[in-house]
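Scroll down for the structure; my scribbles are underneath it.
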Amino acid sequence: MQPETAYQEQELLFKQKKKNLSKKRMDYLLLLLPTLGIFIFFFLLPLFFLFITGFKTFDASSGVGNDWTLENYTKFLSDTFYLGVLWRTVKIALLTTLVAIVISFPVAYQITKANRRIKNYLTLIVLSPLLISMVIRCYGWVILLSNNGVVNNALLKFGWIDKPLTLLYTEFSVVIGMVHVLFPYMVLSIMGSLERIDPSVIRASQNLGASPIRTFFSIVLPLTLPGIFAGSVMVFSLGISSFVTPAILGGPQVKVMSFLTYEQVAVMLNWPYGSAIGFLLIFIATITIIIYSKLLTTSKKGVAIQ
């Protein structure tokens with residue numbers, strides 16, 4: 001009887017644990033429901049309707065016709081002009097991400113090495129551009145980069161150029177403006193990884209005779225790859241979908257995918273074609289991020305020390 005009693009007690013205990021686990025899962029699900037509902041309603045549903053609308057025909061009276069077609073996607077993918085705009089959009093986003101990494105890393109490194117009081121002030125300075133409207137910041141660059149702007153006037157005054165340089169309404173001006181806008185996101189991401197590095201690892205490398213350059217490339221840089229990846233994803237995602245900065249600093253001369261989407265939806269009222277362009281933009285951005293993530297994962301680096 002004793003073995004049977006022990007078996008029954010174990011079975012009851014197992015059922016009780018299973019019941020408690022099911023209850024915990026239900027509690028977690030109930031806690032996630034509000035967030036999940038917001039995510040579905042404000043992200044998945046608009047994305048689904050964007051995808052569906054891209055397969056609809058254009059109707060001059062209502063904007064969206066009733067017939068189904070592949071013309072919107074084939075038109076975009078078979079036209080060299082639109083493919084050029086797509087390449088320009090990806091190129092500007094990649095350049096913005098690369099420049100942001102190069103500029104942000106030394107800034108983040110110096111901030112993490114400063115004492116707490118100085119670190120707070122420096123962090124506030126880095127975040128201060130986020131307190132100013134993006135439109136105002138872009139028009140500030142217009143004043144600096146225009147033909148009669150501060151930069152050209154200074155170069156002419158020193159005699160370094162004979163005529164004003166074309167700095168505004170170029171890819172160069174768009175990249176500069178977007179780096180200025182997205183710079184804080186990269187700095188904060190890299191700072192998070194730098195602060196998690198165990199100082200004893202750096203001291204061990206120095207004690208073993210490694211030079212500062214060798215320590216940086218063998219210890220510091222690999223351990224900050226998670227922060228660089230997180231910052232790159234944010235900067236690239238925001239950069240490839242940016243509208244205000246390219247519209248102000250690039251103008252009609254530097255068209256990007258977001259500007260094409262706005263032009264088709266708000267100006268031409270061709271909602272199906274605008275939807276197709278918008279969905280292609282999201283799809284290309286997602287694929288690029290996935291490829292970048294796979295490349296970083298296969299490098300077998302970037303495990304931050306906790």
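Basis for what follows: all heavy atoms, side chains included, without hydrogens, waters or symmetry-related copies.
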Residues in side chain to side chain contact (heavy atoms under 4.5 Å, CB included) with N148, at least two apart?
none
Tell me whether the count of non-hydrogen atoms from other residues, nucleotides or ligands lying under 6.0 Å of [atom1] in [X] goes above 12.
X    : atom1 : answer
L33  : CG    : yes
Y169 : OH    : no
N207 : CG    : yes

ring-ring contact (aromatic ring centres under 6.0 Å, His included) involving [X] - partner list, sequence neighbours excluded:
X    : answer
W141 : H180
F216 : F105
Y121 : none
Y185 : none

Under the side chain to side chain contact (heavy atoms under 4.5 Å, CB included) criterion, do L86 and L280 qualify, and how do the steps go?
CA-CA 9 Å; L86 174 60; L280 284 173; over 6 Å; no
For residues [X] and [Y], report the shortest heavy-atom separation together with the two atoms involved.
X    : Y    : answer
T224 : S193 : CA-CB, 3.7 Å
G54  : S275 : N-CB, 3.8 Å
T89  : M257 : OG1-N, 3.0 Å
A100 : S104 : O-OG, 2.5 Å
L260 : K255 : CD2-CD, 4.3 Å

Determine, stepwise, if the pair S205 / T215 fulfils side-chain hydrogen bond (donor to acceptor under 3.5 Å, both in side chains).
CA-CA 6 Å; S205 175; T215 301; 3.0 Å; yes
Which distance, rounded to the nearest 0.5 Å, do you find between the [atom1] of [X] and the [atom2] of [Y]?
X    : Y    : atom1 : atom2 : value
T97  : L182 : OG1   : CG    : 8.0 Å
L47  : F51  : CG    : CZ    : 9.0 Å
L144 : N152 : CG    : CG    : 10.5 Å
E263 : S258 : CD    : OG    : 11.0 Å

Would a 4.5 Å heavy-atom cut-off, applied to side chains only, mark [X] and [Y] as touching?
X    : Y    : answer
V99  : V102 : no
R88  : V85  : yes
E71  : T57  : no
I143 : Y139 : no
I101 : M186 : yes
L50  : T53  : no

Would you find a donor on one side and an acceptor on the other, under 3.5 Å apart, between the side chain of N270 and the backbone of V265?
no
I'd like to know if the side chain of D198 and the backbone of V201 have a donor-acceptor N/O pair within less than 3.5 Å.
no
Taking salt bridge (Lys or Arg N to Asp or Glu O under 4.0 Å) as the test, write out the residues that go with [X], two or more places apart.
X    : answer
K75  : none
E195 : K119
K56  : none

Ring geometry between F279 and Y73 (parallel below 30°, tilted from 30 to 60°, perpendicular above 60°):
perpendicular
Are [X] and [Y] connected in the hydrophobic side-chain network, where two residues link if heavy atoms are under 4.5 Å apart?
X    : Y    : value
L127 : L131 : no
F58  : W271 : no
L98  : I103 : no
F43  : L32  : no
W87  : V254 : no

List the steps, then state whether side chain to side chain contact (heavy atoms under 4.5 Å, CB included) holds for F55 with L70.
CA-CA 6 Å; F55 290 101; L70 293 173; 3.3 Å; yes
Result block: side-chain N/O donor-acceptor pairs under 3.5 angstrom for residues 225-251, not counting sequence neighbours:
| residue | atom | partner | partner atom | Å |
| --- | --- | --- | --- | --- |
| S232 | OG | I228 | O | 2.6 |
| S232 | OG | Y292 | OH | 3.4 |
| S237 | OG | V233 | O | 2.6 |
| S241 | OG | S237 | O | 2.8 |

The criterion is side-chain hydrogen bond (donor to acceptor under 3.5 Å, both in side chains); which residues satisfy it with S211, sequence neighbours excluded?
none
Can you give me every donor-acceptor pair (side chain of residues 157-168, partner residue at least two apart or in another chain, under 3.5 Å) with its distance?
none

Show the numbers, then the answer: is there a side chain to side chain contact (heavy atoms under 4.5 Å, CB included) between Q253 and T170?
CA-CA 7 Å; Q253 292 86 348; T170 61; over 6 Å; no
Output side-chain donor-acceptor pairs under 3.5 Å for residues 282-291, partner residues at least two apart or in another chain, one line each.
| residue | atom | partner | partner atom | Å |
| --- | --- | --- | --- | --- |
| T286 | OG1 | I282 | O | 2.8 |
| T288 | OG1 | I284 | O | 2.7 |

What's the verdict on side chain to side chain contact (heavy atoms under 4.5 Å, CB included) for V220 and L194, showing C-alpha distance, side-chain angles and the deciding distance?
CA-CA 8 Å; V220 178; L194 288 172; 3.9 Å; yes
